[in-house]
Amino acid sequence: MIKSWKLLFVSTPVGALGTGLGGGVELTLHNIAQQMLQRHHQLQVVAPAGSTWEHIPIVQIPGNLQIIAQSQERTDAITMPENSLLANMWEYVHEVESEYDLIVNFAYDWLPFYLTPFCQSPIAHLVSMGSLSHAMDGIIAKVDKKFPHTLGFHSYHQAATFPGLNSPLHILSNGIDVSLYDFCPQPKQQLVWIGRISPEKGLEDAVALSYKTNIPLKIMGKLQDESYWQQICQDYPQAPIEYLGFLPTTQMQKIVRECQALLMTHRWVEAFGNVAIEALACGVPVISYERGGPAEIIQDGETGFLVTPDSIPGLVEAVSRLDEISRHRCRQQAETEFSLEALGDRCEKWFGKILASAVRSVELSNK
Ligand code: UDP
């Protein structure tokens, strides 16, 4: 029996929870928090002011948002805005850390990694993206060396993008409340693409496919880069696409479940791809470029297809083979591999390992 822990979750500083600006991190944090509360751990979330979640205790911190890491070059310096939200969040952590057993960092940002040796409580870092910058790679490798076990990743493909990691990897995959997603045995003739509308997500390839095949494409997600979106609309004025905005899960799944397949056409190494498991939960197969996390989620030919990256003919062929996929099998995979309970188990195991190592190092330093 695991004893009850006092956990402090520190959210991403790129957007308030509930806005979609945080991408998959929002759902991940929500689901892990929910599981920890259900398992009778005590939990407090530190998040940007304006976060809208109910049922989860949030301390709202004001300040200016951090620039998203994806928009920066590999050699760029780390930047902090005036009245930095990230700095304010970690000042709060510094004030209260002695009340907690473990701090869990959800920000893909340099500062929390840098602060790790200066905190008295152990910090678990859930790394939400692949390698994007030299400065981040350096600080992540340093934390890995000094504090083994404290880094968590979503997939092996993601972890492999970081140079110089030596301690054993903690791969948490991800999980969702499958009961929130309804199974639909018979889709309409339409496809879906879900994600932040931003260049690394490669929406233009899904639109090109929709244009070529004339199959309608539903698009959902936060519009993060307006000019990128306008360019796609200009390049494919005749494509049968419809942008529905950023929808809450209940509404989003109503659309997804009626689609023949979810398309994932990302250009970057996707760390995981929450949208893949959300589609599977509705019984919807996933057609994805074989790049990053989705390659560890999709069972090629069973619950979707893995396509040569950046190949639109590859996408067209996969769409033509969709009748080979059993939608029941898709739902079943979500239930068995990506349930909330499975995610909760993996996180508890990881947190337990960090806490045990922290106790051991205190014992050693007292000898
Ligand atoms: N999402 C949503 N409503 C929408 C579109 C997307 O709630 O209309 C959420 C979706 O549930 C997922 C997240 O946005 O959790 C996208 O995460 P993913 O891991 O796929 O990609 P990321 O944005 O982290 O790169």
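Just follow the structure's listing: the first ligand is 1, and inside any ligand the first atom is 1. Only this structure's heavy atoms are used, side chains among them; waters, hydrogens and symmetry mates stay out.
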>> Could you identify the single nearest non-hydrogen protein atom to atom 8 (O) of ligand 1 and state the distance to 0.1 Å?
In response: Leu247 N, 2.7 Å

> Any idea how Phe106 and Phe9 line up, ring-wise: parallel (<30°), tilted (30 to 60°), or perpendicular (>60°)?
Replying inline: tilted

>> Over 60° means perpendicular and under 30° means parallel, so tell me whether Tyr114 and Phe118 are parallel, tilted or perpendicular.
In response: tilted

>> Can a side-chain donor-acceptor contact be found between His125 and Thr116 if the only test is distance below 3.5 angstrom?
In response: yes

>> For atom 11 (O) of ligand 1, what's the nearest protein heavy-atom neighbour? Residue, atom name and distance, please.
In response: Glu278 OE1, 2.6 Å

> Among Val25, Asn274, Ile68, which one has a heavy atom closest to atom 18 (P) of ligand 1?
Replying inline: Asn274

> Distance only, no hydrogens: is a donor on one side chain within 3.5 Å (strictly under) of an acceptor on the other, for Glu278 and Tyr181?
Replying inline: yes

>> Please list the nearest protein heavy atom to atom 21 (O) of ligand 1 with its residue and the distance rounded to 0.1 Å.
In response: Lys201 NZ, 2.9 Å

>> Is it the case that ligand 1 has an N or O less than 3.5 angstrom from some N or O of Gly24?
In response: yes

> What protein heavy atom sits nearest atom 9 (C) of ligand 1, and how far off is it?
Replying inline: Phe246 CE1, 4.2 Å

> Taking the inter-plane angle between the rings of His154 and Phe272 on a 0 to 90° scale, is it parallel (under 30°), tilted (30 to 60°) or perpendicular (over 60°)?
Replying inline: tilted

> Taking atom CD of Glu270 and atom NZ of Lys201, what is their separation to the nearest 0.5 Å?
Replying inline: 3.5 Å

>> Below 4.0 Å from ligand 1: does a non-hydrogen atom of Ser128 turn up there or not?
In response: no

>> Working to the nearest 0.5 angstrom, can you tell me the gap between Leu21 CG and Gln224 CD?
In response: 6.0 Å

> Roughly how far apart are Gln253 CD and Phe183 CZ, rounded to 0.5 Å?
Replying inline: 13.0 Å

>> Pairs of nitrogen or oxygen atoms closer than 3.5 Å, one from Arg196 and one from ligand 1: do any exist?
In response: yes

> Within the structure, does Leu27 bring an N/O atom to less than 3.5 angstrom of an N/O atom in ligand 1?
Replying inline: no

>> Under 3.5 Å between any N/O of Trp268 and any N/O of ligand 1: does that happen in this structure?
In response: no

>> For atom 5 (C) of ligand 1, what is the closest protein heavy atom, and at what distance to 0.1 Å?
In response: Ile194 CG2, 3.3 Å

>> With heavy-atom distances below 4.0 Å as the criterion, list the atoms of ligand 1 near Glu270.
In response: 21 (O), 25 (O)

